[in-house]
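Structure record follows, encoded as structure tokens.
Chain naming here is simple, since letters A, B, ... match the order of the sequence lines and numbering starts at 1 in each.
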Number of protein chains: 2
Amino acid sequence: MRLSTTARYSLRALSDLSSRADNDPVSVSDIASRQDIPVTYLEQIFGKLRRGGILASIRGSQGGYILARPANDITVAEILQALGEPVIFGSCQTEKGCENAVTCPTFSLWRKVKGSVDEILRTTTLADIVGEKISLMTPAKTPDPEREEARRKATESKGE
Amino acid sequence: MRLSTTARYSLRALSDLSSRADNDPVSVSDIASRQDIPVTYLEQIFGKLRRGGILASIRGSQGGYILARPANDITVAEILQALGEPVIFGSCQTEKGCENAVTCPTFSLWRKVKGSVDEILRTTTLADIVGEKISLMTPAKTPDPEREEARRKATESKGE
DNA sequence: GTTAATGTTGAGAAATTTTGTCGGATATGT
DNA sequence: ACATATCCGACAAAATTTCTCAACATTAAC
């Protein structure tokens with residue numbers, strides 16, 4: 001029973017993103033190189049997160065991703081759901097439904113475990129993880145002249 | 001995040017075994033055919049469980065497996081450990097140790113989740129799963145003349 | 001308008017893990 | 001001796017996860 005690297009990548013990338021979220025879009029390649037995650041793989045992941053309502057994207061030059069909502073409003077459970085990473089313990093019930101559900105003696109055990117995990121994932125937000133108690137973070141993008149400078153430096157030093 | 005079929009097979013097989021535990025050894029092929037688990041695969045699994053101190057084996061004709069200890073003394077956590085199925089959420093810490101442990105913002109989340117799951121697995125015994133509140137079940141094997149009869153019937157009807 | 005930076009998508013290759021098989025060795029009750 | 005079992009290691013098959021690639025769409029900056 002282990003968490004997929006997809007899920008781990010995602011949380012690290014989202015932590016990275018939200019820790020430098022001053023409303024400027026951050027590019028996938030920036031995050032990927034900082035977090036040492038394959039760029040193209042992270043692109044896929046961010047696509048899922050966007051479709052799942054976790055991220056919003058800004059296409060084109062100087063574009064990138066921003067959080068779709070304030071970090072304290074995004075729970076870990078939502079992130080995993082957006083990734084299509086269901087938290088399943090029994091193959092029973094949640095997946096495709098198991099005909100043995102009634103007789104299967106392990107059913108209630110897995111339900112109990114799942115309930116416990118879900119509880120934690122539902123009550124932990126991205127802000128909790130980053131450790132910042134961000135109270136207000138406007139998701140609107142305010143065109144900011146500083147970003148260009150900062151981005152340029154990061155890009156040069158990484159050479160990507 | 002899902003439980004392996006190995007773990008599920010194991011719990012079903014152990015439930016089966018302990019629900020008919022009248023101290024007679026039960027053969028792998030009996031359990032496998034009742035539970036619809038590949039015989040040779042279950043052999044492997046039972047080997048692990050034996051080496052992990054969950055099962056005891058009786059070799060030779062009319063042999064089989066019995067619980068090494070009373071069912072109410074075997075926890076699910078022990079079973080998973082015997083199978084070499086660690087309950088890991090972060091790739092961090094438990095697996096091979098991750099150098100980022102200090103900086104990694106997700107560390108405490110996964111530790112919390114793992115702690116919660118472990119708690120449940122540690123406090124749930126095989127007896128709980130089977131639903132029988134077995135208070136006393138002598139692990140010693142008492143050679144019982146009935147077993148042969150019962151086994152013969154079961155084997156014939158399955159035809160394995 | 002051209003260009004460069006960036007997101008978007010789908011197909012599929014590569015790697016890893018899980019699941020399952022096989023052949024034979026060893027042990028033991030009858 | 002024989003039939004029934006466990007035991008063991010290596011391997012085969014399948015599934016899943018991880019990662020790459022190629023082509024395309026969109027936008028900012030020049």
- Task: Verify the contact: side-chain N or O of A/Thr5 to OP1 or OP2 of D/dT18, cut-off strictly under 4.0 Å; return yes or no.
- Result: yes

- Item | A/Leu17 vs A/Leu55 side-chain heavy atoms within contact, under 4.5 Å | yes

- Message: Just the rounded figure in Å: distance from C1' of C/dT18 to CD1 of B/Ile37.
- Response: 15 Å

- Task: Select one nucleotide: of D/dT18, C/dT28, C/dT19, the one nearest the side-chain heavy atoms of B/Ser61.
- Result: C/dT28

- Contacts of B/Arg51 meeting side chain to side chain contact (heavy atoms under 4.5 Å, CB included) (sequence neighbours excluded), chain-then-number -> B/Lys48

- Protein-nucleotide distance (B/Asp30, atom CG; D/dT4, atom C1'), rounded to Å: 11 Å

- Heavy atoms under 4.0 Å, any strand shown: does A/Ser57 hit a base, just sugar-phosphate, or nothing? sugar-phosphate

- Task: Could you check which of C/dG20, C/dG29, D/dA28 has an atom nearest any side-chain atom of A/Gln62?
- Result: D/dA28

- From B/Gln62 CD over to B/Asp24 CG, what is the distance, rounded to the nearest 0.5 angstrom? 10.5 Å

- Query: Atom CD1 of B/Ile66 and atom C1' of D/dA5: how far apart are they, to the nearest Å?
  - Reply: 14 Å

- Side-chain contact check for A/Ser27: nearest option of C/dG29, D/dT6, C/dT6 is C/dT6

- Message: Nearest whole Å is fine: how far is D/dT18 C1' from A/Asp36 CG?
- Response: 14 Å

- Message: If I take atom CD1 in residue A/Ile58 and atom P in nucleotide D/dA28, what distance separates them, rounded to the nearest angstrom?
- Response: 9 Å

- Message: What I want to check is whether the side chains of B/Thr6 and B/Tyr41 have a donor and an acceptor closer together than 3.5 Å.
- Response: yes

- Note on the structure: Which of C/dT19, C/dT8, D/dC19 is nearest the side chain of A/Pro38? It is D/dC19

- Enumerate the residues from residues 41-51 of chain B whose closest heavy atom to DNA chain D is under 4.0 Å, giving them by residue number; use none for an empty result. B/Glu43, B/Gln44, B/Arg50, B/Arg51

- Task: Measure the spacing between CZ of A/Arg12 and CG of A/Asp36 and express it to the nearest 0.5 Å.
- Result: 7.0 Å

- For the side chain of A/Ser19 and the backbone of A/Asp16, is there at least one donor-acceptor N/O pair under 3.5 Å apart? yes

- Roughly how many Å is it from CZ in B/Arg59 to P in C/dA27, rounded to a whole number? 6 Å

- B/Glu43 atom CD: more than 12 heavy-atom contacts under 6.0 Å: yes

- Under 4.0 angstrom between A/Thr6 side-chain N/O and D/dT18 OP1 or OP2: yes

- Message: Using the side-chain heavy atoms of B/Tyr9, tell me which of these nucleotides is nearest: C/dG20, D/dT27, C/dT8.
- Response: C/dG20

